[in-house]
Amino acid sequence: MDGQTDIPKAAEALTRGELVAFPTETVYGLGGDATNDAAVARVYAAKGRPSFNPLISHVPDAEAAFALGDFSEDAKKLAHAFWPGPLTLVVPRVAACPVSLLASAGLPTIAIRVPRHPVALTLLKIFGKPVVGPSANPSGRISPTTADHVRRTLSGKVSVILDGGPSKVGVESTVVGFLDGKPLLLRPGGIAKADIERGLGMPIDVQGHAARPHAPGQLASHYAPHAELRLNADAPQAGEAYLGFGPFHAHGPFTLSATGDLTEAAANLFRLLHDIDATGVARIAVAPIPHHGLGDAINDRLSRAAAPRDT
Ligand code: TXA
Ligand code: MG
């Protein structure tokens, strides 16, 4: 059942409450019928994800999103500016919201996204209902950016793996919450903070690390590879693989971007971490990554990956 391009077959599997993996422009998603509690529970089970981590509902267009959540004028502004694209909006659920409460993990809010990928959009249109889609990796492991990554870790747990080629953006969507009317950046991602601010026409606050997590998916070691990480390393030491970046820190085969292009680095990040992990090396030294543009999302993923493990 690997590498299918049969989208109607995937839609049928969703109708039966089964799980499918689908490509998006950010990372591959582990899809289930968002309106079916059992299917949503199966997604949590397949992920091995703590059940308090709420899921994103994927829909084919903004109209479908507006039927699920209560969008303020500012939230609508971002929806129209960036959808389809790597932006997730968290808004209050409408009373008649058909999405499983389990998908919201007990919160009165819902996370919604319109992905920019023809396979995902066709699947959503044919299926006709919202699809929950966490990244298609077991909880705590690197997010998948190819169908092959999904196949390696989840192949026994999904009915269909749709192959849409490598994910172009390579990091998850930016998550913006509108919880008490005011926008809050809950997770850095594929759209830079400055672009969100341009879309809104005002500055946006970032959820503080000390604050109660609005995005509880942000467990510290959520993105961990098997190998240990050493960040801001100018060069590898004995026994380390080197994840390079830019003209001055590009030693060896695992380079995020030789020219120092942060967008290229984001697209390569998870694939290179997978590739390095596959060599069985115990430690990865990572070159310094600048803190602007998509560098924020990359540094966020890397510092989570470097955080002490609880398992
Ligand atoms: O790019 C992406 O967003 C990918 C692709 C497949 O669409 N999906 C993804 O899903 O990254 P997931 O489940 O790995 O991350 C969802 C994020 C988590 O940080 C979660 O806590 C947050 O969205 N989230 C979901 N619902 C929320 C809610 N009601 N309130 C606050 N945060 C929420
Ligand atoms: Mg994830």
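Side chains are part of it too, since the values below use all heavy atoms of this structure and drop only hydrogens, waters and symmetry mates. Each ligand, and each atom within it, is numbered from 1 in the order the structure gives.
- Heavy-atom proximity to atom 17 (C) of ligand 1, evaluated over Glu25, Arg187, Gln207, Arg93, is greatest for Arg187.
- We find the CZ-NE2 distance between Arg141 and His149 to be 13.5 Å, quoted to the nearest 0.5 Å.
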Show me, pair by pair, the donor-acceptor contacts under 3.5 angstrom made by side chains of residues 73-86, not counting sequence neighbours?
{"residue": "Lys77", "atom": "NZ", "partner": "Leu200", "partner atom": "O", "Å": "3.2"}
{"residue": "Trp83", "atom": "NE1", "partner": "Leu87", "partner atom": "O", "Å": "2.8"}

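- Under a 4.0 Å heavy-atom criterion, Pro115 is not in contact with ligand 1.
- With distances taken over non-hydrogen atoms, the option nearest atom 12 (P) of ligand 1 out of Pro134, Gly177, Pro144, Gly31 is Pro134.
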Could you please spell out the steps behind the salt bridge (charged side-chain N to carboxylate O under 4.0 Å, His left out) verdict for Lys193 and Asp296? CA-CA 9 Å; Lys193 179 169 174 275; Asp296 279 342; over 6 Å; no
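- Atoms of ligand 1 found under 4.0 Å from any heavy atom of Thr109 (numbered from 1 in listed order, with element): 28 (C), 29 (N), 30 (N).
- Not one N, O or S atom of Ser139 sits under 2.8 Å from the Mg ion (ligand 2).
- Of all the atoms in ligand 1, the ones that sit under 4.0 Å from a non-hydrogen atom of Gly29 are 6 (C).
- Tested against Arg93, the residues Leu68, Ile112, Leu101 include a single side-chain contact (heavy atoms from CB on, under 4.5 Å) partner, Leu101.
- Residue nearest to atom 6 (C) of ligand 1, selected from Gly133, Ala103, Gly190: Gly133 (by heavy-atom distance).
- Annotation: the span from Leu262 atom CG to Asn299 atom CG amounts to 8.5 Å, rounded to 0.5 Å.
- Residue Ser173 has at least one nitrogen or oxygen atom sitting less than 3.5 Å from a nitrogen or oxygen atom of ligand 1, judged on distance alone.
- Rounding to the nearest 0.5 Å places CD of Glu18 at 11.0 Å from CG of Asn36.
- The heavy atom nearest to atom 23 (O) of ligand 1, considering only Val176, Asn137, Val175, is found in Val175.
- Near Leu107, meaning under 4.0 Å from one of its heavy atoms, ligand 1 places the atoms 28 (C), 29 (N), 30 (N).
- Every atom of ligand 1 is numbered from 1 in the order shown, and the set under 4.0 Å from a heavy atom of Thr26 is 1 (O), 2 (C), 4 (C), 5 (C).
- Checked against a 3.5 angstrom limit, the closest N/O atoms of Thr24 and ligand 1 fall outside it.
- Interface of Ala111 with ligand 1, defined as ligand atoms under 4.0 Å from a residue heavy atom, comprises 25 (C), 26 (N), 27 (C).
- A salt bridge links Glu240 and Arg283; the closest N-O separation between the charged side-chain nitrogens and carboxylate oxygens is under 4.0 Å.
- Nearest to atom 16 (C) of ligand 1 by heavy atom, out of Val27, Val169, Ile56, is Ile56.
- Distances between N or O atoms of Lys47 and those of ligand 1 include no value under 3.5 Å.
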